[in-house]
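The structure under discussion appears below in the form of structure tokens.
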Amino acid sequence: MRRIRANAIAILTVAWILGTFYYLWQDNKPQSTPEGAWQRGRGHAQKPGAAPGRLEIHPIDGTIPLIVSQPPRPEQSQLLGGFNEKVYLSAKQLKAGDDPYREHAFNLQESDRLGGERAIRDTRHYRCATLSYDADLPSTTIIITFHNEARSTLLRTVKSVLMRSPPSLIQEVLLIDDFSSDPEDCQLLAQIPKVRCLRNGRREGLIRSRVRGATSASAPILTFLDSHCEVNTDWLQPMIQRVKEDHTRVVSPIIDVISLDNFAYLAASADLRGGFDWSLHFKWEQIPIEQKMARSDPTLPIRTPVIAGGIFVMDKSWFNHLGQYDTHMDIWGGENFELSFRVWMCGGSLEILPCSRVGHVFRKRHPYDFPEGNALTYIKNTRRAAEVWMDEYKQFYYSARPSAQGKAFGSITERLSLRRKLNCKPFRWYMENVYPELRVPEQAAMSSVLRQAGLCLENRRTDGPVLAECRSIGASRPSSQKWELVEPLIRQQDLCLAISTFSAGSKVKMELCNAKEPRQKWKPKGTSLLHMVSGLCLDSQTPTGPVVVAQCRPLVASQVWEPQVVT
Ligand code: UD2
Ligand code: MN
């Protein structure tokens, strides 16, 4: 009896150890294989007969076993048709003694050493591998525009797409050669099945080149890529799925980092979204903390105020309906803001999908020339975006970028009429609903005192907002009597005037500003300050008592507020 029990315990222990090992292996399994990934599609079974990966020790912590991809299998050569990779790559070699960074602003020697493809780590959260996608996803045209791209990076972009996407989803890969010095960089690649090459007769810049690509695309979905990317395992399905479910969504992957020095493929943080400052400078920023806390599932999409611009998937009809791009923008820059504002304000949305990963070589400088100069081109493009989409908020762009004033930006009549035709929402809506975290600059918002019959609205630390004697310290007012009226907020530093409840008689208090909070929304109306949601007006009741909201009675003394700009 005792022996049976001992055996049972031994068997259970072994089973437990095996189970734990299997579990750990599942957790760390993802490792892209150029040949294996596109077999996955809906299910996650390996292709019958596929060679299993080799077990290797994790290079960083030395403990976790990983599957490392096998070298390409013979059927891959079919993927390339008559294209001769060796000839293509070896035709252009870095000469001994040449600076490997000079031509492309990344280490060309390292890129060339990697050749046309390589295995990269699957950087997704492990739960992504358990998701499944519709079997009947629509197909896409991959649009890659480039100007003097290195052959090795361009080829890896194209090959990674062909190898790590379900073939049925790739209608074609459309290369737009933006007047590169050597037409063969593009033309030779067109020998690869599904790859087409269009060459511009003059330098157009990436914006007009993408529009050319989109116009010539035959699939119902457009996928844009830069010319120095490597797509990762199952990158495409999550994006097409989201667009299929709602054609107004414009989706991006998480953009992993390919080192410009050694070409290591590095996982980017999964907690970032796109943002910008008032000079219209793009930046990655943390997801706001409330949204982060609410994210129970790391595979869920992340709403983003703007996209980085280079890598996204969009329904073709929606792209056309929304006015493609502003084709008066030149070379590079600004088009991502213009597209992002337009998508949000005209009825769509932007998101980043954590289960889709694409690597990109981020560079520190532009390796190509700007015929009109880099700075002037960026100003022209962003100025067009600001003038067409940012309404009264464009003043903050001009204060952040004073050099933009007076610079030529061409006619925007067509884009303004597009905005009217599409019946797009005001930029204020975007600020309140999409990007409330973007602070209006302090120095740009003018401070005022709010006078009422010789008294001033003052925020007291203990009593909150009250009417008090107007004071000054030297030439200026104490900060407790200075208010910034930045619609819809009435603010003092980080605090904003808010009602407590939505009923008449509700006391007014100060709380952390949030332009989306209905209790904080005010607007001047005649001589009154109207609380926009309750329809009540700011009222002092008695000169020294608490300030409240009450039924609006225009011109009644306790509701008359006189903003007066102060220093
Ligand atoms: C980022 C975007 C890029 C674009 C840009 C703003 C990513 C990963 N990249 O800059 O796609 O939205 O912000 O405009 O989000 N190119 C041409 N013709 C030109 C200049 C460039 O075809 O005259 C190509 C270029 O070869 C590349 C792409 O356009 O494939 C983007 O250019 P980049 O890589 O220099 O831009 P990047 O990544 O710094
Ligand atoms: Mn790029």
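Reckoned from all heavy atoms, side chains included, excluding hydrogens, waters and symmetry mates. Since the structure is predicted, the reported quantities are computational estimates derived from the model, not experimental observations.
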Intermediate values then yes/no, salt bridge (charged side-chain N to carboxylate O under 4.0 Å, His left out), Arg242 and Glu351: CA-CA 10 Å; Arg242 289 292 287 175; Glu351 51 192 39; 2.4 Å; yes

Under the criterion salt bridge (charged side-chain N to carboxylate O under 4.0 Å, His left out), I'd like the reasoning laid out for Arg342 against Asp326: C-alpha separation, chi angles, the key distance, then a yes or no. CA-CA 11 Å; Arg342 186 152 46 88; Asp326 177 353; over 6 Å; no

Would you check if the side chain of Arg303 reaches a backbone N or O of Arg273 as a donor-acceptor pair within less than 3.5 Å? no

Please confirm whether Phe263 and Phe106 have ring centers closer than 6.0 angstrom. yes

Go through it in stages, so that I can follow the logic: the residues are Trp522 and Ile499, the test is side chain to side chain contact (heavy atoms under 4.5 Å, CB included), and I'd like the CA-CA distance, side-chain angles, deciding distance and then a yes or no. CA-CA 10 Å; Trp522 303 88; Ile499 57 172; 3.8 Å; yes

Mark yes when over 12 heavy atoms from residues, nucleotides or ligands other than Lys407 sit less than 6.0 Å from its NZ; otherwise mark no. yes

What closest approach, in Å, do Trp561 and Leu538 show between heavy atoms, and which atom pair accounts for it? NE1-O, 3.0 Å

Worked check of salt bridge (charged side-chain N to carboxylate O under 4.0 Å, His left out) between Asp494 and Arg439: CA-CA 10 Å; Asp494 282 349; Arg439 290 282 312 266; 3.1 Å; yes

Given the rule in the salt bridge (charged side-chain N to carboxylate O under 4.0 Å, His left out) test, do Arg208 and Asp330 qualify, once you have shown the distances and angles that lead to the verdict? CA-CA 8 Å; Arg208 288 191 289 278; Asp330 300 324; 3.0 Å; yes

Kindly determine whether Val560 and Thr527 satisfy side chain to side chain contact (heavy atoms under 4.5 Å, CB included), including the steps that lead there. CA-CA 5 Å; Val560 173; Thr527 54; 3.9 Å; yes

Closest non-hydrogen atoms of Cys346 and Leu322, given as atom of the first, atom of the second and distance, are CB-CD2, 3.8 Å

Between Phe282 and Trp284, how do the two ring planes meet: parallel, tilted or perpendicular, split at 30° and 60°? perpendicular

Hey, does Ile331 have a side-chain heavy atom less than 4.5 Å from the side chain of Tyr378? no

Pairing donors with acceptors under 3.5 angstrom, does anything connect the side chains of Asp277 and Ser279? yes

With a 4.0 Å cut-off on N to O distance, would you call Arg428 and Glu487 a salt bridge? yes

Side chains of Arg295 and Pro354 in contact at under 4.5 Å (non-hydrogen atoms): yes

If you measure only the distance, is there a donor-acceptor pair under 3.5 Å linking the side chains of Tyr133 and Asp234? no

How far apart are the C-alpha atoms of Glu338 and Arg415, what are their side-chain angles, what is the distance that settles it, and do they pass the side chain to side chain contact (heavy atoms under 4.5 Å, CB included) test? CA-CA 10 Å; Glu338 197 272 342; Arg415 297 308 279 180; 3.0 Å; yes

Under a 4.0 Å threshold between the charged nitrogen and the carboxylate oxygen, would Arg471 count as salt-bridged to Glu458? yes

Would you say the side-chain atoms of Arg203 pair up with the backbone N or O of Phe370, donor to acceptor, closer than 3.5 Å? no

How about Phe276 and Phe341: are their ring centroids closer than 6.0 Å? yes

Distance alone, cut at 3.5 Å: any donor-acceptor contact between the side chains of Asp271 and Ser269? no

Kindly indicate, with the supporting measurements, whether the criterion side chain to side chain contact (heavy atoms under 4.5 Å, CB included) is fulfilled by Met239 and Ile221. CA-CA 10 Å; Met239 295 198 280; Ile221 306 273; over 6 Å; no

Going by the side-chain contact (heavy atoms from CB on, under 4.5 Å) test, name the single residue among Gln520, Glu432, Met431, Lys523 that passes it with Pro488. Glu432

Ion pair check, Arg419 and Asp391, cut-off under 4.0 Å: yes

For Gln551, does the CD atom have more than 12 heavy-atom neighbours from other residues, nucleotides or ligands under 6.0 Å away? no

Look at the rings of Phe362 and His360 and say which category their plane angle falls in: under 30° parallel, 30 to 60° tilted, over 60° perpendicular. perpendicular

Is the ring pair Tyr393/Trp278 parallel, tilted or perpendicular, if the boundaries are 30 and 60 degrees? parallel

